[in-house]
Each structure stands twice: as structure tokens, then as C-alpha cells.
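Just dropping this structure here.
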4 protein chains.
Amino acid sequence: MRKRSSLSSDDAGLLTPGRSDAAGDAAYLAALLTAEAALTRAQAGLGLAPRTAADLVTAVASDLGGRLDPRGLAERARSGGNPVIPLVADLTAAVAEQDPEAAEYVHRGATSQDILDTATMLVAGGVLETVLADLSRTADRLATLAAEHRDTPMPGRTLTQQAVPTTFGLKAAGWRSLVLDARDRLAAVRLPVQLGGAAGTLAAFHAYAYEQDSADLGLRLIGAFARETGLAEPLLPWHTLRTPVADLAGALAFTAGALGKLAQDVLVMSRTEIAELAEGSGGGSSAMPHKSNPVRATLMAATARTVPALAAVLYGSLAAEDDRPAGAWHAEWQPFREALRQVSGAAENAAALTTGLTVNPDRMRANLDLTNGRILTEHLAAALSRTQGRSAAKDAAAASDSLPPHLSDPANYLGSAAALVDRALTDRTS
Amino acid sequence: MRKRSSLSSDDAGLLTPGRSDAAGDAAYLAALLTAEAALTRAQAGLGLAPRTAADLVTAVASDLGGRLDPRGLAERARSGGNPVIPLVADLTAAVAEQDPEAAEYVHRGATSQDILDTATMLVAGGVLETVLADLSRTADRLATLAAEHRDTPMPGRTLTQQAVPTTFGLKAAGWRSLVLDARDRLAAVRLPVQLGGAAGTLAAFHAYAYEQDSADLGLRLIGAFARETGLAEPLLPWHTLRTPVADLAGALAFTAGALGKLAQDVLVMSRTEIAELAEGSGGGSSAMPHKSNPVRATLMAATARTVPALAAVLYGSLAAEDDRPAGAWHAEWQPFREALRQVSGAAENAAALTTGLTVNPDRMRANLDLTNGRILTEHLAAALSRTQGRSAAKDAAAASDSLPPHLSDPANYLGSAAALVDRALTDRTS
Amino acid sequence: MRKRSSLSSDDAGLLTPGRSDAAGDAAYLAALLTAEAALTRAQAGLGLAPRTAADLVTAVASDLGGRLDPRGLAERARSGGNPVIPLVADLTAAVAEQDPEAAEYVHRGATSQDILDTATMLVAGGVLETVLADLSRTADRLATLAAEHRDTPMPGRTLTQQAVPTTFGLKAAGWRSLVLDARDRLAAVRLPVQLGGAAGTLAAFHAYAYEQDSADLGLRLIGAFARETGLAEPLLPWHTLRTPVADLAGALAFTAGALGKLAQDVLVMSRTEIAELAEGSGGGSSAMPHKSNPVRATLMAATARTVPALAAVLYGSLAAEDDRPAGAWHAEWQPFREALRQVSGAAENAAALTTGLTVNPDRMRANLDLTNGRILTEHLAAALSRTQGRSAAKDAAAASDSLPPHLSDPANYLGSAAALVDRALTDRTS
Amino acid sequence: MRKRSSLSSDDAGLLTPGRSDAAGDAAYLAALLTAEAALTRAQAGLGLAPRTAADLVTAVASDLGGRLDPRGLAERARSGGNPVIPLVADLTAAVAEQDPEAAEYVHRGATSQDILDTATMLVAGGVLETVLADLSRTADRLATLAAEHRDTPMPGRTLTQQAVPTTFGLKAAGWRSLVLDARDRLAAVRLPVQLGGAAGTLAAFHAYAYEQDSADLGLRLIGAFARETGLAEPLLPWHTLRTPVADLAGALAFTAGALGKLAQDVLVMSRTEIAELAEGSGGGSSAMPHKSNPVRATLMAATARTVPALAAVLYGSLAAEDDRPAGAWHAEWQPFREALRQVSGAAENAAALTTGLTVNPDRMRANLDLTNGRILTEHLAAALSRTQGRSAAKDAAAASDSLPPHLSDPANYLGSAAALVDRALTDRTS
């Protein structure tokens, strides 16, 4: 009854051109098997399992990754509500084929969540590595743009209206500082291993240890598991203490938004009527041969609309009842992965966009001139206020039709723009 | 540079045991091709394309669905930011192989969004069909439960505390009414075809019509396209008038929540200490042989946590600038599909859960007795108030240790429960 | 300990210039008292309370509204977690001052949620009335604009780039259709009275009826309460069947988004470099004397960003456990009211914005000319395709520097724009 | 036309019993005035304004806070879209009454956002102080509970079912670690002053400096303003670089969720049928004299449902276009303040709840016994697996009716619970 459609439900990314290849089922499958193998090795390291069993489980797990069918596992995951149950069955069977005794040590003492949470952190760690690199490349490129255009005047725009002049260098320096903020927030998230057993006490590990049991066995096992996986060691099992997931949710939403700021500015400044920027290789159109769309910025903007909502689901899952919850945990999986790959795609696009970005200082200048100097009204008002009071000066400036020569150059009304760029570019290395 | 991972990004559902097989890439691909073919036929019907070309495009499109690789298309979708561009290239090439002239009519006059929006409505229509059937089955089963347990007393619970008695029949009748509300809201959503060309004026269709052009050509073409696809005819092209998407977003969030109510009650009533309900075939545990988890309710609860956030993204995309927006539209695709398949999965689970649900009236009764009659304090207070004023009666009732015999039976304090069940079961047919 | 700040927490709207005066504490207070009085009258109508008591409660409730201090009630609401408890105490005391016997009938049989939900529906009903009127006014004004500018060409814009020409009439007609969709969705929401007593069985009403009790008493009482309040009669008590709240959530999010679409277009078209539209009376700036900001559109855009998130909370509250939940209901109150007043403010702003909107057809025309005819490339491609195949024609068109005279007028490439406007304006009356 | 209702829109908290008194209009008003005064003093410190003027502005601002009517300001904020514009008018007038010359220096060079953002940080700083204190108190109390109940066995529950034993000490230690995580995240957020002038270049400050102008004047002014307000110094003006707002959004959502976890557990464990915990002073009921509702946990749970959605709006506002955006900034104000006061209220409730919490070890023990030892099946399976293989042992354990004496005590199957508590309590000081 279950499979009523003749069509596969597989999602290869047809509807998500803005996301990266990261965090697919294959990556999760590999990480799940990595976690299982690492757990067996951790137990072997403490004398709780034969080293030969751990080696065999590791070898079989490594081999199995490429052979298992994610779709079949997905189907079998439904009755138990998570993919670890059928995966453990397959891994156990594959090990047993070679050594039934060794199979006794697969997943021993663990609960599904130990493995899935650990795998999730492994996947996240891998994705973050490329995201951090893309963000650094983006920041590097923005540093160059900021330096090159330190003194390039352009219209400052507020509430959609030209306000006073600014520089493109200051804008690029601002984008860079936001990208570095994103990078720093992502880099600061601690990715711990998960290990607690059925309800977070690690009781089964103690029980299966028989004579080797000791009061600190659980703590030592967590440490060993952390070392085997390369993940951090948690203070406590975090089945329902979801700090790592929430921290990543926030950092990913931040990154999506930070790149969204860059994207929104590119979208505005690329408008036909403004034309101060262009994506190097804009996307084509199925209908209009002349168009060059700011596709990367568009996809980044879409990501900035989506990830905050996913993060809200993840923050909402902090309020998880009991020792492992009925729903809050399950609600994390897909939003978490989706946030990872959306942000990962956005970071890729940001690096490419900033690399290929075409800047048009002439159009910036032409746009500054559009208002016949009204963009410098504030400057005039400040000058006039010297002699006639600020309120009267504002009125006089607003009514004025022309500017005295020394006030008519936007480049003379850039305030601290250059100093801010200089300071911002010494802040942090990309 | 793009493909840095050696792992496929495919998502076959490993992390989404709660969703159905609906709305996978293959379903979208088939719908996109269906839309392209229908558009050519619609043009042929108006004399704007040769009938033979339309027939060929239809045949080739039908054949192509099974042969195209969603992943390859997904890769090629990135540069233009949507999957229609490479799909049109493939379809055009495949048609041209057989008849280069016919290939001239593929996608002629249309914009990518015409096809993708139409395909989305086709996919939605297919998914809704099964969802509506599952909801009707669920409501049927709940009607039976409500009738069977019309007079089965159980504790009414408010703010987690036993309050006054209610009946399981009233609870089931309430679930049913919510399920029917969800069904009615989904069924009421109008799914229109999309057709506007580059910016919603259908200008290219007029231009390609040459001598056959007429003032009403665009309107007639929309009508013909609607008939060819079986979708509704929109008042206007809705590239940035996203009523259909928002309406479905709301109806899907409603359904997720409605089923989430059922799930939350099942979760509470399945608790070991309460044990009034059990899912017929609970899920196993990878660690604990004795457990029978309420897996379906858990997955439904997870869906109820996720879909409202997806709907928020979709409602947010209503505020789309221009004639086709840079981001708001792109942000719709994945949340929309994800909402479809999550809700579809939840409806499947609801039908199965209510079919297999085990009801334990003895435990309901035992739980009613847990408080030694304090659950009937309100009843006592009402009786006492007759003689001593309500406030004093409340105090007396609260202080009372035992109840007079005629007040001690919860079945005597069920108020309108039965009458409400009777009325609710005559409301609407499942 | 509670009041650690010397500052009042009152919120008079300092940070919400975009919301209306609707749904303040005073409105809720009045509605709560209206509900209590109506419930006593409903009981009197069924012979369950003396008519004199009902009249007195009605009079006292009416008088009390203006005298009670919302802040004091808010403070006292904390320990019980809802404002009805202290309100009932005050109302009971005020009635008792005049007639202790009559005070026995205040809130008799009801639970706090009966009153708060009913009051919420009353407040919503009042707010919707003005919102519907504002939306109708807005649609009226947009109909006028669409008719006036039925043939005014302007650039159609997609992904921020000029694509092909469209008309301002078509744009205004689209806005209107979205506004009417919003109006229709709000108008369709059914606002029922709430009445169920402690756990939805109305048992206490039966108990307090003594000899007048009958099987259908609860149903009759719900009907009478509905008539007394002017609200609809629900099928079942809906303490945890939150259809009315979810329906309104969706309709409000829809409306926020629909008005957000209008706002986003106004914001783009008001940009200094585009200047096709201007809000009649733009907002001033504290810094720049020359600026005229599109303030109404800005505030409407802000609303469109906020309300979907509030709606997500409300949809999330559908999944409410038990017969009255611990948190899901409480989480509804403020988001619901905030959505009401934000949407109400946006509708006010929409009516004013469309009334004062300045349209500049000359700038639309000038912007069309900005690309030296490239906006008509699609037109040229269609013409060329007649003789050289579509693909070659597209290339030729894209490479072309000038257009033949008959293709160079945007007004000749408007497709169905006028026909669509004509049809759309006959759809529904504002 | 604006004020169609005769009722005030004031919100004194009638519908938000779960929030604190923090961040009301009066607090914002005071902070806005503090910011204006500090800015004048900062200018005086750099020789850009007379010291006497700064002193007068400071005195007048300090006096004005209590005299201004937030509601009147709110009304006047509508036309310009923000409250700073009318506030500056009032402040300027009040200063001018005493010294027209000094009034020239009010708000000179600044933009509304400089003041509103700075005020927001000041308000946030004040609120965080009490929140951090409440979280520390809560953590202290949880440390005590964890130590006291280090060895108190209770059922570990997963997916609503009793799984294996755990201890209440471990549960309390987990709550504490989450509370400390929240505290640390809130404490780490940097709250900077905002200063950029119209478009972030500080140009007007330079212009008004006349002869005192210098390249580094803007940077020095930012530093002086930071010192005058006690806030941090930003790297760049952050009008559209919203790191501080997004960081706080995440930390507040985290805190809401962390306290929500505590609340959900209290709600489950307070259930009539479980009764392992009770809030010291539960809330009464308007209908049922016997009930004692877990009101604080209920309100905290409601907060955990709301704040993530508010945070999503704030993360969404990171993608702000231009140098000051039309909507994204305006959408921040109310969600930010609402998040502050909801979290502040939840922290108050958490401190009170944990202080008054009643723990019932006897019920924990009785609940452990409910399953006749089935909660120890895993223990038995581990023991049996020694001789018969894990799979057979699981089957045997699942089928077993009784446990050998040494396996029948839950206290013998607590694994690392005590060791984890000991370690967790040495982690960080509350």
C-alpha cells in the first residue's frame, strides 16, 4: 500500500539550483557507517571488544557505504522512524557473513540517536570545511574590491532613495565584515560526538563491559569515541540538550542572511536603470535573448528567505521533552541538512559572484548626477547652518536649485568612508 | 570546481521517514514535460502550430520523461537558475532529431515560469488526490471510533492535569472534525495553469501568431492550455500574484497541524503511565527489545513542527517584486514540494494509525480513578453551590475527601459529550 | 520581586508605526466583559439564571470596561497564566456589590478559555470589518488606476532586468486581484463563539442546571451564546480544535503578503533612478531635507516580513495536546493580536497609498527607452524567426543594433495586456 | 481618519502573562533620550559642540523621559515611519526653550537609525542584565537539585515510553548545562553603539565640524559615543550590517528553547498520572477548585514556541538592501523587543519554578515499577548475551516475565549517571 506512485521520490536537486552537492543521502550513509565503526573501535580501545572485531567492522563499514541503496534503506526506515535501525541490520549481517562473533559488537550498547547525531556532526563538519573556505575566498575578493574602490563615489541609498554619497569601497568593506562575521560564527560551533545509549546513562555499555565495568567507563568511552571520530567530546549526552544543533542553526541562518545582504545589494545595483554592477556571467533566459540575469545573487537571495525558517524549526526543537523526544528530534533532520546545503550553495555562489563581479564606476558617477546635486543637499545645509541656524539652513538647502562649486562634488562629501574602509580592512584576515 | 564532493547529493528520503513518495524529481520532470507538450497542443488547437508538431512534441515528451537524468538536469539548472532551461534544450533537441521544423514549436512564446508553475500545480494536483483519499479514510475510521466510544469515559486533561471526565468518543469526533476541516481546505484550493510569457503580457504568443494574431488570442490560449492540462484557468498570469501557492501553503500547514493534534493526543495517551491508546504496530527500538514506540504519531508530530515554517516562507514569497522576482519565486520551490510530501506522508500515517489504533477503556477508567474522585470536584461544587453559594461550595468541594455515591461516577458527569458526538458525526460525510 | 523595573512595560505603539490602533488591551477587555455578560444572558434565556441577574451582569460589565486597569489585570494574570481569572474576580465583586445573588451567575459553568476565545473572535470581528473596508477602498482605487493606465506602457521587469514592455494598467489590475483575493479570504473566515466548560463537555452547565438539565442543554446553550454575541455557532467546542485561529492566521498572512506585493513594486518603482511612482506624501527624513521616502510602502513591506512568522506560530499551535493545552494556546494570544493589528495597519496604509499615488508615465516611457530597444529584442526575434528558424533568429536579434520602425514602439508589443486588464476589472466588485 | 477606534491600542500585557516588564515604550523612550544626550556629549568631547550645550541637552533629555507621552509620539511616528523624528522635534523644542543656540546641537549630523539602534542596544543591555541573573539563579538551583538527586532513580523516557532507568540528578544536570549554555550565549553578544549618519559615512559630522574636521574625526566620534553610552565600539556603522541584532536573535531563541526544554520536562513529569514533579505554587483554575496547574512551565513552553519565529524574522532582516533598507529594519523593532521581554519573562519564571519545584522520588520509584521490570529488559539482554549471542538474548529478554534478583533493581542499572552528574556540576560556575 505504501508505494502508490510509480515514480521515485528521489530528489537530485532539480528544484534547488542554489544549493550545493553537500549532505546528500550518500554522505549521511557514509557518516553513519563511519560512526558505527568508530564506536566499535572505541570499545576495542577500552578492551570492551576484540580489536579484530573492530577492524572487521571498520573494513566492512567502509566497503558497505558504496554498496547500500539509500532508497531501500529509506523505505525500511519508515516503520521504526529512523534510518539507523535498518542500517544496523545490514551492517550486522555483512559483518556476520565474515565473522558472526564480530557481529556481536556492531552497535553494541548504542541507541540509534547516538549514531545519527554523530553522523550529522560528521556531515556538518565536512560541509563547514568547504563553506569556510568559500567564505574566506569571498572575503578575500571583497577586500580587493574594497581597496580598489576605496575612493569610488556612488549614491548612498536609504529607503530606496538616493540620500548622500558613499563609496563602493565602503560597501564592499561592509559586505566583507559581514562575511567574516558569518565565517567566525560557523567556525566557533563545537561539533561533539553523541553517546548516551538508550536514555543517556550509557548503562548498556556498562552492562556489556561485564568485569571491565568501572564507574568512569562511560566517560572514557565518550572520550575514545570522540577521538576515533575526530569530533569534540561533549560534557553530557545531548539527546535532548541540543546545543550543537541550535548553534549551527543560528550560524547557518546568520550566514544565509549575511550572503543575502550581499545578494540584495547586487540585485539592486544590477537593475537595468542603475547598472552599477553586473554578475560576470549572468544567467540566460529561456524567452529573452538579450537578458543577462543576476542568477547567483537571485539564488543567494532565495537562500536568505528559506534558512531562517529552517533555523526556527531547529530552535523550536530545543524544547524536546523526555530523554529522547517524539517528534522534536525527527523534525530536525531534514531542515538541518537543507540548511547545510543551501548555505553551502550560497557560499559557493558568493565566491563565484564576487570573483566575477563587474563594477561600473562611471554609472555610479552618472547616478550621482541624476538628482542635479540634490544628493548633496545635506552638505549644503551643513554649510548654510553656519550662518543661519540649522532649521533655516535645511529649508534653504531644500529649496536651493544649485550648489556652490566647492560643494558640488560628491567626492568632497564622503566623510569617513575612506577611513572606515582602511580600518575595516585591517580587521581580521580572510 | 563545482563538484567538489565525490558523493552524490541525491536525497532518496533517508532522513525523512515521515514523508511520502510524492513530488520527487521524477514527478516534477514528468509534469514539466506534460506542461510543455500541453502548451504545444494548445497552440495547435488555435492554429498557431501544426497539429503534427504538437503530436510529435507530445510523443517525444512522454518518452523523454523516463530517459532524462534528473541529476544531470539539476547540474545544468544552476547557471540559469532554473531547471526549465536545460529541459527545453533537451526536449527541443529530441524533437529536432525527428523533425527540425516541429522543434520550432517547443516552448515557443513561453517563459520558464509558465512551465515550472504549471508543472508545480500538476504535481500538487496529483499529491492532493492521495492526500484527500487518506484524509477521508482517516475521518471514516475516526467516525467509527467516535461511535464505538461515544460513551467511553476517560479523563479530560487540561494544562497536563486531569480536569473533569470526557469521553473518548468526543475526542475522536473532534479529531475527525479537524481532519475534515483539513480535507475541505485542501479540496477548495484552485490549481490554475500558468501562462504569461516573459512578463505576463503573452506578447510573444501574439508575435509568433503572425497573421492569426487577435486581441483575444492570449486569453484564448490560456483557456486552451488550461483544458489541455486539466488545470483551472487563471484570471491573470500569476507570476507574481501567488494566490495558488499561498492558498496551498495555508491548507498544507493546516493539515499538518490538524494531524499533529491527533498525533499529540496519541503520544500523550500512549505514555507508559497512561496507556489508554497504542499504535497497532509500534516501531521497534535499536536498543530496547521491550519497547513499542508510537512511531507514526512521532513522525506526524515532526511534520506538524516543520510545515508551518515552510508555509511561512511561501507566504513571505507573496511579496514578490516586479513581474518575475529575483529570489521570492526561487525560494518557493523546495519548501512547496517539501510541504507536499511531508503532509502526504502524514496523511498516510494518519490513515494507518487510526486503522490500527488500540483503545483501552479499562485504562481510561483506571486513570479516572487515580485521583480518588478529585476529578469530580467540579461536580460536587456544583451540587453544593445549590445551598451554600458558589465560592463557599468550591472551597468545600476542594476540601472534601469523598463524594456522595450519586456524584462518584464519572459517567454521570459527561455533560453534552454524547450529544456533541451525535451532532458531529452527522456533520459532513467522510 | 516581580516588578524589578521602575519603568512601565506598556506598549503604546512606539515601535510599530505600521500597525493600527486595533486590538489593544482595552478592546480585549471590553470583549472579555461582553462575552461574560452574553454568557449570563444566554443562560437566562434558557431559564438557567434569573433575567434580572443577567441584566445586572450586563450593566456592570458594560460599566466596568472603562474603569478596569489593564495593567493591574495583566499583573494579576500572571499567577494563573491568563487574564480571565482576575477579570472574573473583579466582575463578580462588582456585581456582588449590588446583588450578591446575581454574582452567583457570573462565569458560572465556564472555563477561562470559553471567555478568552470568544473575546478573541469578537475583537477579530471588529478589526476585520475595518480591514475589509480598507481593502475594498484599495481595490476601488486600483481599479481606477488600472482603467486610467490600461494602455500606459512601462518596462516589464524580471530578475531585476528590463525584459519586455508591459502596462501600468496590468500591474495595477494584478495588485487589485491580489487585494480582492485577500479580502475574500478574510471575509470567508468563520468566527465562532467558544463554549465547552472545563474540558469541552459543558458538564458544569448541566450540573448547575439542576432540574432544568436535559440532554440537549449544552447544544442549546452554545446556540444561545452565539446569538447573544453575534458570533457563529461551532460544531464542537474548539478548545483544541483551532480551525478559526488557523484560518485567520492564513488569511492574515495572505493579506500581509498581498499588500507586501503592492509595497515591493511601489518601492522599486519609486527608486530615485526609476521614479515611475511616488507616494503622494512621502515621509520626511531626520537628516536629509530633500528626501521623500516611500514610508507607507516601507511599513507595509515590514508587515509582510513579520506576519508569516506569526502565522507559523499559530499554525504550530494546531498541534495542541489534551483538552486544553499547556502552552500551545497561550502561544496564540500575542501573535494573533499582533497579526491583526499589523494587517489592519497595512490595509490602512494601502488605502492611503493608493489614494495618493503619483504615476509618472513619462518616466515609464523614458525607462523603456533606456536600453535602446533591447527590451524589444524578443519582438524582433519573433519577427525574424519567420524566415530563419527560432534559434538563429534569437542570435540575430540579440546581435542586432537597431530595430525596424514597426518593431521599435513598445506600445506595439503589449500582447494581451489590455485584454487582461479588461477581463480583470470585470472580476468581482470591490 | 486614522483613529477610527474609540479604544486605545495600548498593550499593557493583558495577553502576555509570560513576559516580563522589560522593554516597554518607556524604557525605549528613556534609551532614545539617553542616546541623543550621549551623542551631544560625544561631540562636545571632541570640540564639535559647546560643553554647556551638551550639559543642557543631557539635563533636558533626562527630564523629558518622564514627561513625554509614548502614545502621542507613537501617533506622530507614523508619517515618517519611525519614532525618532517626533522625539527629536520635542527634544529640540524643549532645549530651545532654555537656550536656542544649544538646540542647534541636538541630533546634529545623526540619522534616526543611529539613535534607534543605539537605544535598542541600551534597552537590550538592561534586559540582559536581569536575564543573566535569573539564568544564574536557575542554574544554581538546578545544581542543588542535581546534587541532591544524584542517585534518585526515575524512568528514562524515549518516544513517550519508559526505556531504561535514569536519575533525576542527571536530568537536572542536563537542564543546568543548557541554562548555562544559554547564559553564555547571551553574555557573549556584543552590543555596539550605532553611528553613521545618513548613509553610514558620517559625512554630516565632518561637515558640521567645519575647521575641526579631520580624516579620523568620524572614527573618534564613534569611539567617544561608545564611551558616553557604555556600549561597545563597532568596526563599521551597522545600519545594514545587522550582526548585533542577529546575534541577539539567536541567543534569545536559544534561551527560549533551553528554558522550553526544562518546561516540557516539568509538564510531562507533572502530569496527574506521572506526578514526579510539581510546581511549588501552581496556578488556580477558574472552573476547577482542585486543580493546580503548572503555570510557569506552561508560560515558558509558550515562549519557546514563539521566540524562534521572531528570531526568523530578525535573521531574515540581515538581507537588507542599500545603506538603510525599506522594511527590513522596520520589521526588526517589535519582534526584537518582544523576544527580549518574552525571554526575560521566561527566565524569571525559570528561576521561580526551580526554586519552588517539588520533587517526588517515591513517585519516580513507583513509576519505575509500573512495567514490572520491563524497563530493565535491556539490562537482562546484556546479561543473557554473554552466553547466547546478542540477538537471541534480546528475544529472550523481551519474552522474559521476571528478572533475577540482582538485575531487578533500577538503581543497579544507572550506568554513568552519577559520574556524568559529577562531571557536569564541575563545569562552569553558575
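Labels below follow one simple rule: chain letters A, B, ... track the order of the sequence lines, proteins then strands, and each chain is numbered from 1.
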Task: Option that, when pairs with chain C are counted at under 4.5 Å, heavy atom only, ranks first among D:Q264, D:R76, D:Q334, D:H330 - done: D:Q334
- [ ] Kindly indicate, with the supporting measurements, whether the criterion side-chain hydrogen bond (donor to acceptor under 3.5 Å, both in side chains) is fulfilled by D:E338 and D:Q342.
- [x] CA-CA 6 Å; D:E338 188 67 24; D:Q342 293 240 0; 3.0 Å; yes
TODO: Could you tell me which portion of C:L116 (side chain, backbone, both or neither) has an atom closer than 4.5 angstrom to a non-hydrogen atom of chain D?
DONE: side chain
Task: Value rounded to 0.5 Å, distance of CD in D:Q113 from CG in D:N82 - done: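 The distance works out to 9.0 Å.
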Task: Top of C:D69, C:L73, C:L87, C:D322 for chain D proximity - count of heavy-atom pairs under 4.5 angstrom - done: C:D322
Open item on the list: Does any backbone or side-chain atom of D:L32 lie under 4.5 Å from a heavy atom of chain C? Answer side chain, backbone, both or neither.
Closed with: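 Answer is side chain: those atoms of D:L32 sit under 4.5 Å from chain C.
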Open item on the list: Nearest 0.5 Å, please: how far is CD in D:E332 from OG1 in D:T120?
Closed with: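 If I round to the nearest 0.5 Å, the distance is 8.0 Å.
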TODO: With a 4.5 angstrom heavy-atom cut-off, could you sort out which part of C:A204 is near chain D: side chain, backbone, both or neither?
DONE: neither
- [ ] Could you have a look at C:D11, C:T298, C:T306 and say which one has the most heavy-atom pairs with chain D under 4.5 angstrom?
- [x]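 Max contact count across the listed options: C:D11.
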TODO: Measure D:A312 against the heavy atoms of chain C and call it side chain, backbone, both or neither at under 4.5 Å.
DONE: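 The answer is neither part of D:A312.
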Open item on the list: Using heavy-atom distances under 4.5 Å, tell me whether D:R337 contacts chain C through its side chain, its backbone, both, or neither.
Closed with: side chain
Task: side-chain hydrogen bond (donor to acceptor under 3.5 Å, both in side chains) evaluation trace for D:W329 with D:D117 - done: CA-CA 10 Å; D:W329 178 51; D:D117 281 348; 3.0 Å; yes
Task: Winner by heavy-atom pair count (cut-off under 4.5 Å) against chain D, out of C:A297, C:A326, C:A263 - done: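 The residue among C:A297, C:A326, C:A263 with the greatest pair count is C:A326.
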TODO: Select one option (side chain, backbone, both, neither) describing which atoms of C:R108 are under 4.5 Å from chain D's heavy atoms.
DONE: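 Contact with chain D is absent: no heavy atom of C:R108 under 4.5 Å.
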Task: Pairwise side-chain contact, D:E36 with D:I115, heavy-atom cut-off 4.5 Å (strictly under) - done: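 Result yes, sub-4.5 Å side-chain heavy-atom pair found.
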- [ ] Kindly say whether C:A351 contributes a backbone atom to a donor-acceptor pair with the side chain of C:D134 at under 3.5 angstrom?
- [x]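 No, because the side chain of C:D134 does not come within donor-acceptor range (under 3.5 Å) of the backbone of C:A351.
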Task: Structural part of D:T303 lying under 4.5 Å from a heavy atom of chain C - done: neither
- [ ] State, yes or no, whether a side-chain contact exists between D:L39 and D:D114 at a heavy-atom distance under 4.5 Å.
- [x] no
